[in-house]
Amino acid sequence: MVGTTDLNRPVRSRATGPAAGDDDAPREPVATTRANRARVVTQVEIEPATGDEGSVGDTVTVAVAVRVVLTGARIVAGADGANRRVNWATTLRGRAPAFEPRGGGELVLAPGAILESLYQADRALTIPRILEGLASAGAVGLVIPAPARADAVATSDRLGLPLIETPEGFSFVDADRSVISLVLDRRSEMQTRASALYRELAALAVEGQGVGAILSKAAAATGHIAVLEDETFTVRGTGVPTGEVASDLPATLTSVEERGHLVAWVRTQTVNSTTPPSTPITASRWSRHRVVAPVFTGERLRGYVSFCGQMSRLSDFDLLAISRTAAICALELSKEDAVLAAEQRVQGDLVDELLRAAGDPELTARPAMRAGLSPTGSFGVVVIGFDTDVTPAEATNLTATLHRMLRDRGIPALCRTGATEVIVICEVAAGTTGVGGVAHDASAIDTSLRTIAKVILEAAATRLGQTTTGAGLSQPHSPLGRLPDAIREAREAWRIGRRVHGPGHLTPYADLRLDRVLYALRDAPELRQFCDQSLGALIEYDRRTSQNLVATLEAFFACHGNLSQTAVRLQLHRNSLLYRIGRIQEVGAIDLEDPETRLALQVALKARRLLIPL
């Protein structure tokens, strides 16, 4: 292989040698520095789409260049690389550096006189060595006078780097210019098409057609499935071209590994909402390839737009088109943000109005109707509490996400953003009765409310992180005038739940039972005194010895006193567990066989978790 030193060293004069077509014919040096040879490698190299040679917007490939402008030339080896993209044309020079890379994708022309001059200067610079150097520098083909030697053909095939023979009388000067002109003309054609697509998509945005119409238009223009994902890689919308079927595709597009690639790539790019960068990458879950561009509103990453298709059909035009589509999606999302911000203000005002009107059916009915809620229906409240600092922008964005999600699911709801929480009021049954005047089933309502609450918490955890959020769920209530009670229950459930279960959990108020009573007594000195009397000796012993007697006692009660289950839970040998149980009774001066003692200890353990400072 032609190394950097070989390519950059001065060319020394030599005696005359064989011509380009002779057995000792030269192989050209590729002069390049290590820095020049560095290339940005994306996760997938697009193989340009093929088509008729005159079709507008076709990428210039080696095969296209040979067919269209290299009159009489033919690819004699390395045909596997014939579909590689040509970004420029350059002619070798007779002195070092003979070849200066322009970022990759060069079709290199080597007239016989140049090859002869290089070979005479250094007989190590044969055509096979030249091919190796060009391949390492990112060139896509080598054009030489006929005939090519067998070793050059073998090297070309091995590298997959096309070797192109030209006929006698071929003008390398005209060919250089013609290839460059073809590349520039095709780029101009693609830019024109991309600009036309941008105008069409912008018109849809101005008309308020929405993201769905924008993606459908982009899909029709490119022939690929167009997908918009938000920043958490949840699919927001899909456009499907005629002839494609997307109904059987997985609900998520980007795999975990691909997410890592995309996030790392975006970090290396300059934020630009009007002309975002684009890159090829795989779409392994859909068994396709794709081009993707980030969607920015201001400096905030809002998601990604992808065109998904077969590798052979993705082209350079798609890289331009995806950038234009991402820019229009950014405009559309900015419009959505403005609308959602206004809706959030209105919803917050409606929640305040409902709270002020609590207890008065007539006053409650008006804001309820404006909010799309039934004044007499069954509802519940979910409070998303923030366990760590959350910025106002993050809280607002979370509220917008929840509002959009519930609206898309057809769930009547109101959301209000606070400094430390987001309140979500969800209607689960309209009116007091269902079909045929039959009263709503209380169990079904409770189940529906819990299901909705789980979805809300999952969405919050996805956006803010599992350890940042937790949720409390009220009991089902009716009518809407009881909203203050529902909000109080949901808040209390969250506060108790974060002490009992830790962050990231959904805590229904109805499941708390004894915890609710103890939480109401948390400020009573008698409760703390009771805990100290029941557990103080064990807590102090654990502090001095790290024997975890209190944790052992908790596990013992959680397993209903079953020693075998407790040993498994604590990953202890049964004999070790029996020793700990003996120490618990000895240190705490307690009798675990006494029912009253067992009850007192269980209550004290529950109360202790509510009294420990967070």
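Note that the numbering runs from 1 along the sequence shown for the chain.
Arg236 has no carboxylate O lying under 4.0 Å from a charged side-chain N of Glu332, or vice versa, which leaves the two without a salt bridge. Under 4.0 Å is where a charged nitrogen must lie from a carboxylate oxygen, and between Asp511 and Arg450 at least one such pair does. Using a 4.0 Å cut-off between charged side-chain N and carboxylate O, Arg495 and Glu492 make no salt bridge. The pair Arg499-Asp515 does not meet the salt-bridge criterion, since no charged nitrogen lies less than 4.0 angstrom from a carboxylate oxygen. No salt bridge links Glu421 with Arg498; every basic N to acidic carboxylate O contact stays at or beyond 4.0 Å.
To the nearest 0.5 Å, atoms CG (Leu601) and SG (Cys531) are separated by 10.5 Å. Atom CG of residue Leu402 and atom CD1 of residue Ile411 lie 11.0 Å apart, to the nearest 0.5 angstrom. The OH atom of Tyr541 lies 16.0 Å from the CG atom of Leu535; values are rounded to the nearest 0.5 Å. A distance of 11.0 Å separates CG in Leu354 from CG in Asp349, rounded to the nearest 0.5 Å. With rounding to the nearest 0.5 angstrom, the CG atom of Leu350 is 12.5 Å from the CE atom of Met369. Between atom SG of residue Cys426 and atom CZ of residue Arg409 there is a gap of 11.0 Å, rounded to the nearest 0.5 Å.
Each of Glu258, Arg288, His289 was scored for a side chain to side chain donor-acceptor pair (under 3.5 Å) with Thr282, with one residue passing: Glu258. Of the candidates His403, Arg407, Arg404, His403 is the only one forming a side chain to side chain donor-acceptor pair (under 3.5 Å) with Glu343.
A 6.0 Å sphere centred on CD of Gln585 holds more than 12 heavy atoms belonging to other residues, nucleotides or ligands. Within a 6.0 Å sphere centred on CZ of Arg609, other residues, nucleotides and ligands contribute more than 12 heavy atoms.
Side-chain contact between Ile539 and Arg608: present, with at least one pair of heavy atoms (C-beta onward) separated by less than 4.5 Å. Residues Ile581 and Thr566 are not in side-chain contact: their nearest non-hydrogen atoms beyond the backbone lie 4.5 Å or more apart. Between Gln269 and Thr279 there is no side-chain heavy-atom pair separated by less than 4.5 Å. Side-chain contact between Lys606 and Phe557: absent, with no pair of heavy atoms (C-beta onward) separated by less than 4.5 Å. Two residues are said to be in side-chain contact when any heavy atoms from C-beta on lie closer than 4.5 Å; Val500 and Thr507 fail this criterion. Side chains of Gln602 and Leu514 form no contact here, defined as non-hydrogen atoms less than 4.5 Å apart. Proximity of Glu336 to Leu333: side-chain heavy atoms (C-beta onward) are separated by under 4.5 Å at one or more points. Looking at heavy atoms from C-beta onward, Leu406 lies in side-chain contact with Ile452 at the 4.5 angstrom threshold.
No side-chain donor-acceptor contact under 3.5 Å links Arg302 and Ser273. For the 3.5 Å distance criterion, the side chains of Thr417 and Thr399 qualify, holding a donor opposite an acceptor.
Between Val271 and Gly298, the shortest heavy-atom contact is CG1-O, 3.6 Å. Across all their heavy atoms, Ala493 and Pro508 have their closest contact at CB-C, 4.3 Å. Nearest heavy atom pair, residue Arg569 against residue Ala555, reads CD-CB, 3.8 Å. Listed here is the closest heavy atom pair of Leu506 and Leu457: N-CD2, 3.5 Å. Minimum interatomic distance between Ala293 and Ala326 (heavy atoms only, all atoms of both residues): CB-CB, 3.8 Å. Minimum interatomic distance between Leu563 and Phe556 (heavy atoms only, all atoms of both residues): CD2-CE1, 3.9 Å.
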Which is it for Arg366 and Glu353 under the salt bridge (Lys or Arg N to Asp or Glu O under 4.0 Å) test, yes or no, and what are the steps along the way? CA-CA 9 Å; Arg366 287 193 294 271; Glu353 194 171 344; 5.6 Å; no
List the steps and the verdict of salt bridge (Lys or Arg N to Asp or Glu O under 4.0 Å) for Lys217 and Glu207. CA-CA 14 Å; Lys217 182 65 179 180; Glu207 294 168 4; over 6 Å; no
Audit row: Glu229, Thr254, side-chain hydrogen bond (donor to acceptor under 3.5 Å, both in side chains) steps and yes/no: CA-CA 9 Å; Glu229 300 171 284; Thr254 306; 2.8 Å; yes
Pair Arg463-Glu231, salt bridge (Lys or Arg N to Asp or Glu O under 4.0 Å): steps then yes or no: CA-CA 9 Å; Arg463 179 166 291 276; Glu231 64 269 40; 2.6 Å; yes
As a quick check of understanding, evaluate side-chain contact (heavy atoms from CB on, under 4.5 Å) for Leu249 and Ile225, giving each step before the final call. CA-CA 11 Å; Leu249 294 174; Ile225 298 176; 3.8 Å; yes
Apply side-chain contact (heavy atoms from CB on, under 4.5 Å) to the pair Ile487 and Leu355, showing each step before the final yes or no. CA-CA 10 Å; Ile487 292 178; Leu355 289 172; 3.7 Å; yes
Worked check of side-chain contact (heavy atoms from CB on, under 4.5 Å) between Val227 and Val292: CA-CA 9 Å; Val227 182; Val292 60; over 6 Å; no
Under the side-chain contact (heavy atoms from CB on, under 4.5 Å) criterion, do Ile445 and Ser478 qualify, and how do the steps go? CA-CA 11 Å; Ile445 289 175; Ser478 181; over 6 Å; no
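Distance alone, capped at 3.5 Å, places no donor-acceptor pair between the Trp494 side chain and the Ile384 backbone. Side chain of Thr297 to backbone of Ala330: no donor-acceptor contact under 3.5 angstrom is found. Side-chain atoms of Ser474 do not come within 3.5 Å of backbone N or O of Gly380 as any donor-acceptor pair. In this structure a side-chain-to-backbone donor-acceptor pair under 3.5 Å is missing from Asp230 to Gly303. In this structure, the side chain of Thr364 engages the main chain of Ala357 through a donor-acceptor pair within 3.5 Å. Remark: side-chain polar atoms of Thr597 are not paired, donor with acceptor, to backbone N or O of Glu593 under 3.5 angstrom. When atom types are taken as modelled, the side chain of Gln475 and the backbone of Ala510 share no donor-acceptor pair closer than 3.5 angstrom. Between the side chain of Arg491 and the backbone N or O of Val383 there is no donor-acceptor pair closer than 3.5 Å. Formation of a donor-acceptor pair under 3.5 Å by the Asn548 side chain with backbone atoms of Ala551 is not found in this model.
Using bins of under 30°, 30° to 60° and over 60° for the plane-to-plane angle, the ring pair Tyr304/Phe233 lands in the parallel bin.
Residues passing the side chain to side chain contact (heavy atoms under 4.5 Å, CB included) test with Arg482 are His477, Pro479, Asp485, sequence neighbours excluded. Under the rule for a side chain to side chain donor-acceptor pair (under 3.5 Å), the partners of Thr252 that lie at least two apart in sequence or sit in another chain are Arg285.
A cation-pi arrangement is not found for Arg516 relative to Tyr519, the charged atom failing to lie both closer than 6.0 Å to the ring centre and inside a 45° cone about the ring normal.
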